[in-house]
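Input: a single structure, listed below in structure tokens.
All figures in this text were calculated on a predicted structure; none of them were measured in a lab.
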Amino acid sequence: MSDKIEVQNVGQPGKTYRVDAAKYAEMRAAMMAVIHSEPPGLTPAAIIEAVKPHLSPTLFPGGETAGWWVKCVQLDLEAKGLLKRAPKSPVRLYRP
């Protein structure tokens, strides 16, 4: 059984979810490596494609489930204030 970590969701303040700690850590590191530190940032679709080369083939074979994990980590990091959305559409994320 894998270790779990609690994550937050910016859309549901006060609620936490338990997810696989290894996959979360791998995706978080990959996202922080590719997301710009200034606006406007990257769209979620661009982030998904950009993180795939950074992911372990053991945890994410062929990049499978990368989209779900990008969203999971995105919502957690937004809740923690470590990612921000640019003010205009489409959604673009950057590190403040």
The side chain to side chain contact (heavy atoms under 4.5 Å, CB included) partners of Thr43 (sequence neighbours excluded) come to Ala45, Ala46, Pro90, Arg92

Joint hydrophobic cluster, Tyr94 plus Val51, side-chain heavy atoms closer than 4.5 Å: no

So do Ile5 and Arg18 actually touch side chain to side chain, heavy atoms under 4.5 Å? no

Closest non-hydrogen atom pair between Cys72 and Val7, with its separation: SG-CG2, 4.2 Å

Verdict with supporting geometry, Leu93 and Leu42, side chain to side chain contact (heavy atoms under 4.5 Å, CB included): CA-CA 5 Å; Leu93 303 164; Leu42 297 173; 6.0 Å; no

Taking every heavy atom of Pro40 against every heavy atom of Ala86, the minimum-distance pair comes out as O-CB, 3.5 Å

Enter the distance from Lys84:NZ to Glu38:CD here, rounded to the nearest 0.5 Å. 15.0 Å

Taking every non-hydrogen atom, the tightest pair across Gly81 and Pro96: O-CG, 3.6 Å

Checking Lys52 against Phe60: charged group under 6.0 Å from the ring centre and within 45 degrees of the axis? no

Under the side chain to side chain contact (heavy atoms under 4.5 Å, CB included) rule, what do Met31 and Ile47 come out as? Steps first, then yes or no, please. CA-CA 7 Å; Met31 287 176 65; Ile47 294 168; 4.1 Å; yes

Sequence neighbours excluded, the answer for salt bridge (Lys or Arg N to Asp or Glu O under 4.0 Å) partners of Lys71 is none

Rounded to the nearest 0.5 Å, what separation is found between the CE atom of Met27 and the CG atom of Asp20? 11.5 Å

Among Lys23, Gln74, Arg28, Glu64, which residue satisfies the side-chain contact (heavy atoms from CB on, under 4.5 Å) criterion with Trp69? Lys23

Out of curiosity, Gln12 CD to Tyr17 OH, how far, rounded to the nearest 0.5 Å? 3.5 Å

Minimum heavy-atom separation for Leu55 to Ala30, with atom names? CD2-CB, 3.9 Å

Looking at every non-hydrogen atom in both residues, tell me the closest pair between Val34 and Ala50 and how far apart they are. CG1-O, 3.7 Å

Linked hydrophobic residues, Val10 as query - side chain contacts closer than 4.5 Å: Leu75

From Glu26 CD over to His54 NE2, what is the distance, rounded to the nearest 0.5 angstrom? 10.5 Å

Closest approach of Ile35 and Arg95, non-hydrogen atoms and distance? O-NE, 2.9 Å

